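In what follows, a structure is listed as structure tokens, so that the remarks can point back to it.
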Amino acid sequence: MLHLLSSAFLGLLLSLGLLPSNGSERMETLAATTTTVATHNTLYGQATFKPLADVIGWQEVSTNEGHGKLDALEYYDHFRPGEGRLDARNSIAISWRKNKYENTGDGSRLTHGGEAGVTPSRFVNWVVLKNKDTGAKLAFVNTHYISGAWNGEHPERQERWRTHNTVVREVVADLLSRGLSVVLVGDFNRALSQDIPGMNHLRTAGVDGVPIDQIYVTRGIGTGPAERLEKYGSDHFAYTATVAY
């Protein structure tokens with residue numbers, strides 16, 4: 001609850017002696033920081049790359065065309081951990097507004113290997129971003145699960161999907177254990193919200209059911225439902241949300 005209190009109200013509680021002085025600075029910082037986040041599957045880079053939010057998780061940036069568009073996106077820095085431009089890790093790039101945030105840590109984990117004609121290798125990428133004005137940190141996680149596991153055509157892919165989900169939960173748990181607020185986005189390739197300890201799935205305003213493109217936030221930091229945007233040349237809608245931490 002304290003994460004959502006205004007700085008003015010925190011100051012009042014402190015003046016009345018209802019809050020200890022130590023720790024008040026951290027809570028004021030958390031209450032003062034608002035960030036927009038987004039996710040978009042770009043259809044192998046064919047979509048138009050829009051400045052959707054302060055922090056964006058992309059999927060299927062798997063072509064030179066897509067990476068060229070990402071490079072041309074003004075005012076953003078990017079996390080692409082693969083050594084080569086078309087490394088599978090880079091297909092789930094993360095972008096953030098460089099005037100607002102600095103990268104203070106990042107990582108990438110393999111969830112499972114690839115198989116020709118079935119799936120590329122799949123990963124989970126994350127960055128820890130420090131707000132330059134408030135100093136508050138946000139961990140942002142991006143991923144893309146194997147396709148077809150739950151459409152009735154490829155049940156043999158479900159084991160890979162579940163392995164991927166286990167790694168996602170482990171990454172999120174580690175970031176939460178560091179005391180960080182966490183946002184998780186991605187193409188889950190399953191129209192069902194997941195039980196991820198410490199996290200809430202954000203429903204999408206005006207949309208029945210659960211899209212396969214999803215946003216999760218640490219409990220208490222979501223300010224409302226996610227919003228569905230346009231497709232911008234992709235076969236997926238883009239989605240955005242606002243968090244306060």
Side-chain angles (χ1 to χ4, degrees), residues 1-5 7 10 19-39 53-59 76-82 89-90 92-112 122-145 163-186 188 193-202 214-223 226 241-245:
M1 291 294 292
L2 288 173
H3 286 195
L4 300 179
L5 293 174
S7 297
L10 284 169
L19 276 180
S21 59
N22 59 359
S24 63
E25 180 180 349
R26 176 178 181 273
M27 285 185 284
E28 288 180 8
T29 296
L30 288 171
T33 304
T34 300
T35 300
T36 56
V37 299
T39 183
D54 294 329
V55 191
I56 309 166
W58 311 96
Q59 299 88 43
Y76 284 84
D77 279 336
H78 315 286
F79 178 56
R80 289 175 284 187
R89 294 177 190 268
N90 295 341
I92 52 170
I94 299 172
S95 302
W96 60 91
R97 295 188 192 276
K98 58 187 176 183
N99 66 320
K100 292 186 177 183
Y101 307 94
E102 62 176 304
N103 180 0
T104 63
D106 51 54
S108 181
R109 271 190 63 181
L110 175 72
T111 64
H112 59 77
R122 302 279 179 168
F123 296 87
V124 182
N125 290 351
W126 67 91
V127 295
V128 179
L129 300 174
K130 180 180 179 180
N131 185 287
K132 292 182 177 181
D133 290 332
T134 69
K137 291 183 178 181
L138 177 71
F140 186 90
V141 185
N142 184 32
T143 197
H144 187 185
Y145 289 62
T163 297
H164 191 132
N165 204 42
T166 296
V167 175
V168 167
R169 288 163 61 101
E170 290 173 354
V171 168
V172 168
D174 177 67
L175 293 168
L176 289 173
S177 74
R178 303 182 203 176
L180 294 164
S181 295
V182 179
V183 172
L184 163 67
V185 306
F188 282 68
S193 62
Q194 298 304 303
D195 180 12
I196 301 176
M199 305 289 282
N200 281 338
H201 170 255
L202 293 185
Q214 300 171 16
I215 300 176
Y216 296 78
V217 301
T218 301
R219 290 173 185 163
I221 73 169
T223 64
T242 302
V243 294
Y245 53 99

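Computed from a predicted model, the values in this text were never measured in an experiment.
When all heavy atoms are compared, the tightest approach of F123 to I92 is O-CD1, 3.2 Å. Minimum interatomic distance between H164 and H144 (heavy atoms only, all atoms of both residues): CE1-O, 3.2 Å. Contact between N142 and W58 at its shortest, heavy atoms only, is ND2-O, 2.8 Å. Shown here for L202 and A241, the closest heavy-atom pair between the two residues is CD1-CB, 3.6 Å. Residues V127 and I94 approach most closely at CG2-CG2, 3.9 Å, considering heavy atoms. Nearest heavy-atom pair, T111 versus T163, reported as atom, atom and distance to 0.1 Å: O-CG2, 3.4 Å.
From I196, atom CD1 reaches atom CZ of R219 across 10.5 Å, with rounding to the nearest 0.5 Å. With values rounded to the nearest 0.5 angstrom, N125 atom CG is found 7.5 Å from T143 atom OG1. How far CZ of F140 is from CH2 of W96: 10.5 Å, rounded to the nearest 0.5 Å. To the nearest 0.5 Å, atom OG1 of residue T33 and atom OH of residue Y101 are 8.0 Å apart. Taking NZ of K130 as the reference point, atom OG1 of T104 lies at 7.5 Å (rounded to 0.5 Å). The CZ atom of R89 sits 6.5 Å away from atom CG of L110, with the distance rounded to the nearest 0.5 Å.
Residues satisfying the side-chain hydrogen bond (donor to acceptor under 3.5 Å, both in side chains) test with N103, not counting sequence neighbours, are D106.
Side-chain contact check for E170 versus R109: some heavy-atom pair is nearer than 4.5 Å. Within the 4.5 Å cutoff, the side chain of N90 has heavy atoms near those of the P81 side chain. Two residues are said to be in side-chain contact when any heavy atoms from C-beta on lie closer than 4.5 Å; Y76 and R97 meet this criterion. For the pair N99 and K132, the minimum side-chain heavy-atom distance is 4.5 Å or more.
Remark: of the listed residues T218, I215, V183, V168, T218 is the sole one forming a side chain to side chain contact (heavy atoms under 4.5 Å, CB included) with M199.
Separation of the F188 and Y216 ring centroids falls under the 6.0 Å cut-off.
The main-chain N or O of D54 is found under 3.5 Å from a side-chain atom of T36 such that the two form a donor-acceptor pair. Counting only distance, with no hydrogens or angles, the side chain of R122 and the backbone of Y145 share a donor-acceptor pair below 3.5 Å.
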